[in-house]
Amino acid sequence: MTEVRRAVAASASLWERDEEIAAITRAVDTLRADRSSPGLLLEARGEAGVGKSALLGEALGCTVWSARGGETLRPVPFNVVRQLLQPALVSMLPEEAREYLGDWYDIAGPALGIADPGERQADPQGVCDGLVAAVRRLARREWPLVLLIDDAHWADQETLRWLAALAGRLDETSVLIVLARRPGDVSGDSARHLDEATAVGRPLTPLNALTPDATAGLTRATLGAHADAAFCREVWAVTGGNPYETVELLAKVQDSEMQPVEAEAAELRALNRSARGGGLVARLEQLGVDSTRFAWAAAILGGGITVDMVARLATLDRADAARCAELLRDARILTATDPAPGQPDGGDLEFVHPLIATAVYNSIPDALRTAMHGIAAQLVTDSGLGAAAASRHLLQVYPDDDQEVVEQLREAAREHLAVGAPDAARRCLERALQEPPLPEAHARVLFELGCATLLTAPATTIGHLRTALAMPGLDGEQRVDAVFRLSQALLHNDQLEEAVRTVEAEAARNPDPSARLRLQAVQYMWEGIHAGETSSPRRSARLAELAATCTGRDNAERALLILRGFDAMTHGESAEEVVELCDRALVNGRLAPGLGWTDTEWGLELPMMLASSYAYADRLDRAEALFTEALRAYETSGWSGGHLSLAHAYVGLGHRRRGRLREAEKSLRESLRIAERVGRGLPLYWSAICNLIDTLLARGHVAEAASLADQYGFAPPYPSTIVLPDPRSVRGRLLLATGRTEEGVNELEAAEKAAAARGRHNPVVVPWATDLARALATEDPGRAARLASDARRQAERFGTDTAIGEALRCAAALETGQRAVRLAAQAVTYLEASPCQYEHAAARVEYGIASRSAAELHRGLDLAESCGADGLVARAREALAVVHAG
């Protein structure tokens, strides 16, 4: 990080850059004018040496933090963002930094190198969000703030992901980002992140080579007005107008005391060759063997170059190393950075330009370069910088059956995972396999690799874990863990049936009763969330038999109790039994250790099933406590991806069941926002959009619900995992509400068939029957009556006030006269005892309409207003107007 103040005059290398400088100046002035102004990203593109770095220096007149990507440093996660932000945070006292970043300290702090990582694997999205939050807070403190990123094409992938996320929040972050990049030179995810960032920015005019006139002006400004035209033309011809090469060539002309006249112009071409490529290498060799070794060592280190570290790597004594550093500075190969706090003798060293660094690095003989990386890895380790810092060098060392290297790379992978850099962990473990590990450790390394890639590349994970399980070395709990991870990867890869078969086969062959019980529980868990069209008729019976032997003494038994409770709930069995099973799975009313929301032994599916069972069994107090606990756990742990999206979705579900429709909509929109970021089509995405549309329909916002359904593809095909409530039923209700009656009836009949195939008879979870009965009331009253009767029978079997009250509402809607009034009154009685206030409000309004009671309509109106049910409010007011008019 550097702070720059406005210079007296523009740098000499900024010739013909007036338009670009003006754009940066305008952006800075806008930023300075208003603390609440939105941020802006400016992008400068150009080939190497056309003046991108010099142009960045024009973002002056305010606090400026700068960083630069490095070609050899791209494997180092968070390298560039650390350069930008770390100095500002390190300058604070630890307590001050913790207070300043608040809840984000433990999440983003390890990635920035200012806090120790936790024991768990960090969520990459959470770390990214924490870094964005850190910039937003620092921007308020350091306003006006400019972030300069040079050579962004060489930035590490984690930084580019953060940059894309920050660019997407610039409307609420008053900061100017100015970055420079070359066309190309980046691919894969890094290119995607960089393109996402620059897509929301404003490109500066592409930087081109200088014209002959500009080159002549620059030459005379540097060497004197007496430089003749022929000499100036040769400068342009030799450099091609490249600003960097022009400045370097003119500096060498000054150093050589060459006269800028036509007679000397012939020497320019040879002089220019010494500034790059082989000429630079030759010039470096002229400085002596020690200076060459020093420069090579500096190129190997790449960053954090100190005289002491280079001396150790180049095997020079301290005095000789200091002398070499001075020679290389005089030769404009290295330069000193600003000293950091605690460095009274000066700062680190860096190469004058990335082109020089690349040329020096490539000039090192291959075998020697590899050997120096190995020595550098040891030096970094001995310096206490950790295995992750050393791993960049170990990745460059030839495989040599070295088990110490294997262990160092495994430790580095653990460190990378702890700070939210799974791709860096993957590279370390893949390299460890090349060493290779000893046979007894090979399977464990594959297992660790599979865990590292689970969230980012499930298809790759499947291959790693299958190979690991086919090898000796995974025994006991570790083997069961590997099978569970494999089944998770298969689930994430939309291979649910294969996931079920995998755990079923392992359970059959595992001789350990406790391991077998856990695997059976996992099998039932995956089967329980499968939304396929067929179900084994014996599955529920087998699960009931197995759960009947469980007392909840360990997590495998608790898992089976939860699964049995969820299965009973979805099949519409007694709600009292559902609650009793769920209660037995708790320890003192709470989730047992190992079954928590952030525990990885079982995953989030079990607590979600538990909380959902409570929610639909009318125990919303317990459900909401669990949903809120999930949200708090994921936010505290920095899990900002799919887990957090689901937590918001289920908090929204709790609000929806309670009748707090405004709060439900807010939570569900946040869930959808996060789900969009994770990726469309995933089950979590369906949970968000299905519940949001259901909530909007309850609010009476039909047009908005229809628009969202079209925008987000809320239509078949449906996901392979179960979504609560049933998407077909919700979509059928939407189609009916928008007047597409025939399509709505077809969709509800499809929901009927799917529910029958799966044995889903809970009319609250899969509410197709009541909506279909209403839709058929005129066209086919006989069938409508049968549907309503069946729904009431199933509701009474389940036994909750909500289920029975909703069935009675449907029955009342199909009747007329006093029978309709009596049924509506009964619905009110049940739903008043229910925790679901929206359904109670609807029943009150319907009862008021049937009985022409202004008092009941007013009560229903008040309830509807408190719920945020705008459509129901309008209906109640219209009915009141009719009653008063009559």
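Treat the numbers as computed from the prediction; the structure is a model and nothing was measured. Just so you know, residue 1 is the first one in the sequence shown, and it goes up from there.
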Q: Taking only Lys NZ, Arg NE, NH1 and NH2, and the carboxylate oxygens of Asp or Glu, determine whether Arg660 and Glu663 approach each other closer than 4.0 Å.
A: no

Q: For Ser834 and Cys836, indicate whether the former's side chain and the latter's backbone hold a donor-acceptor pair under 3.5 Å.
A: yes

Q: For the pair Ser789 (side chain) and Ala785 (backbone), establish whether a donor and an acceptor sit closer than 3.5 Å, ignoring hydrogens and angles.
A: no

Q: Could you walk me through whether Ser645 and Ser671 pass side-chain hydrogen bond (donor to acceptor under 3.5 Å, both in side chains), step by step?
A: CA-CA 4 Å; Ser645 175; Ser671 173; 3.3 Å; yes

Q: Check whether any side-chain heavy atom of Glu806 lies under 4.5 Å from a side-chain heavy atom of Leu831, and answer yes or no.
A: yes

Q. Are Asp171 and Arg169 close enough for a salt bridge, meaning some N to O gap below 4.0 Å?
A. no

Q: Return yes when atom OH of Tyr718 has more than 12 non-hydrogen atoms of other residues, nucleotides or ligands closer than 6.0 Å, and no otherwise.
A: yes

Q. What pairs of residues pass the salt bridge (charged side-chain N to carboxylate O under 4.0 Å, His left out) test when at least one of them lies in residues 830-843, not counting sequence neighbours?
A. Arg656-Glu839, Glu832-Arg844, Glu832-Arg859

(Q) Between Asn691 (side chain only) and Ser687 (backbone N and O only), is there a donor and an acceptor less than 3.5 Å apart? (A) yes

Q. More than 12 heavy atoms of other residues, nucleotides or ligands under 6.0 Å from CG of Asp103: is that the case?
A. no

Q.
I want to check something: taking the side chain as every heavy atom from C-beta on, are Arg137 and Trp104 in contact at a cut-off of under 4.5 Å?
A. yes

Q) Is a side-chain donor or acceptor of Tyr712 paired with a backbone partner of Tyr685 at a separation under 3.5 angstrom? A) no

Q | Heavy atoms of other groups near Gln711 CD, more than 12 under 6.0 Å | A | yes

Q: Evaluate the side-chain hydrogen bond (donor to acceptor under 3.5 Å, both in side chains) criterion for residues Thr570 and Asn762: first the C-alpha distance (whole Å), next the side-chain angles of each, then the deciding distance (0.1 Å), finally the verdict.
A: CA-CA 6 Å; Thr570 58; Asn762 189 326; over 6 Å; no

Q | Donor-acceptor under 3.5 Å (Arg731 side chain, Phe714 main chain) | A | yes

Q) Among side-chain atoms of Gln125 and Asp129, is any donor-acceptor pair under 3.5 angstrom? A) yes

Q. Does the side chain of Glu605 come within less than 4.5 Å of Leu491's, by heavy atoms?
A. yes

**Q.** Approximate separation, where rounding is to 0.5 Å, of Leu653 CG and Met608 CE
**A.** 9.5 Å

Q. Quick one: do Lys666 and Glu670 make a salt bridge, cutoff under 4.0 Å?
A. no

Q. Which class fits the ring pair His643 and Tyr634: parallel under 30°, tilted 30 to 60°, perpendicular over 60°?
A. perpendicular

Q: Carefully, step by step, assess Arg657 and Tyr838 under the rule side-chain contact (heavy atoms from CB on, under 4.5 Å).
A: CA-CA 8 Å; Arg657 300 297 303 152; Tyr838 165 72; over 6 Å; no

Q) Which pair of non-hydrogen atoms, one from Val821 and one from Ala850, has the smallest distance, and what is that distance? A) CG2-O, 3.4 Å

Q: Please examine the side chains of Arg809 and Thr770, heavy atoms only from C-beta on, and report whether any two atoms are closer than 4.5 Å.
A: no

Q.
Determine whether a donor-acceptor pair (N or O, by modelled atom type, separation under 3.5 Å) exists between the side chain of Thr738 and the backbone of Leu735.
A. yes

Q: Apply side chain to side chain contact (heavy atoms under 4.5 Å, CB included) to Arg877 and list each qualifying residue two or more places apart in sequence or on a separate chain.
A: Leu861, Glu865, Val873

Q: Check whether any side-chain heavy atom of Leu101 sits under 4.5 Å from a side-chain heavy atom of Asp106, and report yes or no.
A: no

**Q.** Ile849 backbone acceptor or donor facing Ser853 side chain under 3.5 Å
**A.** no

Q. Looking only at heavy atoms, which two atoms of Ala813 and Arg774 are closest? And how far apart?
A. CB-NE, 4.0 Å

Q.
Can you confirm whether more than 12 heavy atoms, excluding those of Arg783, are under 6.0 Å from its CZ atom?
A. yes

(Q) If you count heavy atoms of other groups shown closer than 6.0 angstrom to CZ of Arg673, is the number above 12? (A) yes

Q: Check Thr695 against Ala664 and note the closest heavy-atom contact, atom names and distance.
A: CG2-CB, 3.9 Å

Q | Candidate pair Glu527 and Arg758, rule salt bridge (charged side-chain N to carboxylate O under 4.0 Å, His left out), full reasoning | A | CA-CA 11 Å; Glu527 289 178 344; Arg758 292 292 297 162; over 6 Å; no

Q) Taking side chain as C-beta onward, heavy atoms only, is Pro835 less than 4.5 Å from Thr802? A) yes

(Q) side-chain contact (heavy atoms from CB on, under 4.5 Å), that's the test. Do Ile562 and Arg584 meet it? Break it down for me. (A) CA-CA 9 Å; Ile562 292 171; Arg584 283 165 56 194; over 6 Å; no

Q) Of the non-hydrogen atoms in Ile674 and Gly641, which two are nearest, and what is the gap between them? A) CG2-O, 3.4 Å

Q. How close do Leu814 and Ala773 get, heavy atom to heavy atom, and via which atoms?
A. CD2-O, 3.7 Å

Q. Does Ser37 offer a backbone N or O that forms a donor-acceptor pair with the side chain of Ser174 under 3.5 Å?
A. yes

Q | Arg136 CZ to Thr173 OG1 distance, which is reported to the nearest 0.5 Å | A | 4.5 Å

Q.
Working note: Leu610 + Arg622, criterion side-chain contact (heavy atoms from CB on, under 4.5 Å); need CA distance, chi angles, decisive distance, verdict.
A. CA-CA 10 Å; Leu610 175 69; Arg622 298 188 185 182; over 6 Å; no

Q. Quick one: are Tyr614 and Leu620 in side-chain contact, heavy atoms under 4.5 Å?
A. no

Q: To the nearest 0.5 Å, tell me how far Leu772 CG sits from Glu747 CD.
A: 11.5 Å

Q) Between Phe798 and Tyr616, which heavy-atom pair has the shortest distance, and what is it? A) CE2-O, 3.1 Å

**Q.** Flag if over 12 foreign heavy atoms under 6.0 Å of CD, Glu172
**A.** yes

Q: Kindly indicate, with the supporting measurements, whether the criterion side-chain contact (heavy atoms from CB on, under 4.5 Å) is fulfilled by Leu661 and Asp870.
A: CA-CA 10 Å; Leu661 302 182; Asp870 300 330; over 6 Å; no

Q: For Asp694 and Pro725, indicate whether the former's side chain and the latter's backbone hold a donor-acceptor pair under 3.5 Å.
A: no

Q: Only pairs at least two apart or in different chains count here, so list each salt bridge (charged side-chain N to carboxylate O under 4.0 Å, His left out) that has a residue in residues 703-718.
A: Arg669-Glu704

Q.
Looking at Asp567 and Arg564, would you say the former's side chain and the latter's main chain have a donor-acceptor pair under 3.5 Å?
A. no

(Q) Against Leu668, only a single residue in Leu692, Val651, Ile689 fulfils side-chain contact (heavy atoms from CB on, under 4.5 Å); can you say which? (A) Leu692

